[in-house]
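Just below is one structure, and these are the notes that go with it.
In listed order, ligands and their atoms are each counted from 1.
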Amino acid sequence: MVSAKPGKTIAKAASGSDAGSWSDAEFRWDDALAELAGASTDVLNLGAVCADRQVALGQGEHVALRWLGRQSERRDVTYHQLSDQSGRVARVLADLGLQPGETVAVLMGRVPELYSAALGIWKAGGIYCPLFAAFGPGPIKARLELGGARILITTDELYARKVAMSRPGLSRLQHVLVVGESFADGCGDFRALVNACLPLSPVATKPDAPAFLHFTSGTTGTPKGVLHPHRAVLAHLVTGRKVFGLSASDVFWCTADPGWVTSTAYGLIAPLVCGATLIADEAELEPRRWYGILHDEKVTAWYTTPTAIRTMMRYGAALARSYRENTLRVAASVGEPLNAEAVLWGQKALGVPFLDTWWQTETGAITIANAPGEGSRSGSMGRPLPGVEAVIMRCEGGTPNRIDAVDGVGELAIRTCWPSMFSGALGEEPRYGECFRDGWYFTGDLVRRDADGFFWFVGRADDMIKCGALQIGPFEVEACLMDHPAVAEIGVVGKPDMLVREVPVAFVSLNPGFEAGDALRAELLSYARQELGAGMAPREIHFVEELPKTNSGKIMRRVLKAKAVGEPEGGDILVSLPPCPGRYDDE
Ligand code: WT7
């Protein structure tokens, strides 16, 4: 798709505009289905297409997964081995009585077993539900309950720190399989069980059978479980090729945390279904290590986040340039807006621009993107992929109207149904239907489109806090702190941050008998960290006499946001538009 160095044909992408086009009149999702499913298009199993299919295509000895451990360990897993191991995991799960359509929760960092577990769950017909290891015991317990998981696969260390204390209250959770050395009461040895059995043939799942479940922040106190079908893999195949140009000759590295849908879609499914080698790095963001991996592992396609890019920028271009002799063909970013400066920095420091891509948990795969050879515009989200129809809608008098004017702002809406469209919203079922109207899915993002059809991000239509990779629902943070006896009322909002875009900060009014001050502030902060995990906990706590409210008693987040940044109250912080089709609480 794109020629490799030298010459890097995508260099022009960084120079501003290139009005190439995604449009592909021949494009049909059904062709992708026929390619993956063959003649029997009523059977599609994600586990089978990610591993067994590659073996059948003669790729069995090709490296599917290269795992890099924290202590410089290195392990290669071939497609054949992945197929075999995931088949065994499927057998273990079936032997535990897993029924097709049942959820299996997975709480693990990037360890080799994560990958065979996911594929094994799919082969057994189960729903793969990864959880963020950074969460504290509270959010993990809530997600295990909501997902109705009877089986959890985790590590000994994470079990001890995050689950053991909640286990007595988790009545549905019957089996915990642990990867590691020490096995607490009521836990099975994952590796021993997998080694002791024979592979199970993949269950003949229908394309629309549920396959993965990610929790994202909902608009209520409970997280929302976003469900996707096996069919979603069609979008991962197509975007893997169209955005990243993936094939068997690629080494693809996606840095996302396993709890995030980005990791399921691009840290796992897309590279495998395209037959590439995926890099799984156990360690966290550390620029020197990252440059080393890009260089030593000969990474050809890289998918990361603006937070990571900004961190690398902080380390300076000189360090980056010492790694300029790399094999990168394409680098892309997702999760928040990527400013033009960061796009160009990629070009300068690494020899390829960072291409911004847009999607969300609900869309299941990249929906709008800049891409090599297809046109890109620095600072924009890009243009809709083939097979995706995206428009801008605005509510006037409660009815959504399409905005076709150049630079008109409104809510981004996508025509149903693309293959990776979410098929359910656990915990917010009534609201699932409210996201759709007249054959359009409303994304909750405010955008504008320029004359060449590039979309530009304007803001969220709701109150979600975008903190690096995490999308934090203020409601879940509020619900947790409300459990502290001192807290009478609380409002949590995002405060702009240079590195991670936004951090959660809390405004708290106190119950009688509690005194505002540093001691209580420290106690509340530590309580929140303990319960929610450091990523989700507020970074600041401000005591207020009373929270600003509307007549109908809703907290006025706009006023709190103004306070958080020290602006006059009611300052015009966000573009404020009536969201369509009225699924967000108004102020
Ligand atoms: C929200 C989705 C990111 C994919 C994985 C799931 C914001 C995402 C961009 C971008 C500006 C972006 C949107 C979106 N977002 N990509 N390129 N530019 N904003 O992510 O946790 O469901 O978050 O992230 O607001 O709705 P998520």
With sequence neighbours excluded, residues passing side chain to side chain donor-acceptor pair (under 3.5 Å) with Lys141 = none
remark   = Sorted by chain and residue number, the residues having a heavy atom closer than 4.0 Å to an atom of ligand 1 are Trp260, Val261, Thr262, Val334, Gly335, Glu336, Pro337, Asp356, Thr357, Trp358, Trp359, Gln360, Thr361, Asp445, Phe457, Arg460, Lys466, Gln471
request  = Answer with yes or no after comparing the ring centroid distance for Trp358 and Phe457 against a 6.0 Å cut-off, counting only values under it.
outcome  = no
task = Check whether any side-chain heavy atom of Val334 sits under 4.5 Å from a side-chain heavy atom of Ile366, and report yes or no.
result = no
ask   = What pairs with Tyr303 under side chain to side chain donor-acceptor pair (under 3.5 Å), at least two apart in sequence or on another chain?
value = Thr357, Trp359
ask   = Can you name the side chain to side chain donor-acceptor pair (under 3.5 Å) partners of His214, sequence neighbours left out?
value = Thr264
query = Around Glu341, counting heavy atoms of other residues, nucleotides and ligands shown, do more than 12 lie under 6.0 Å from its CD?
reply = no
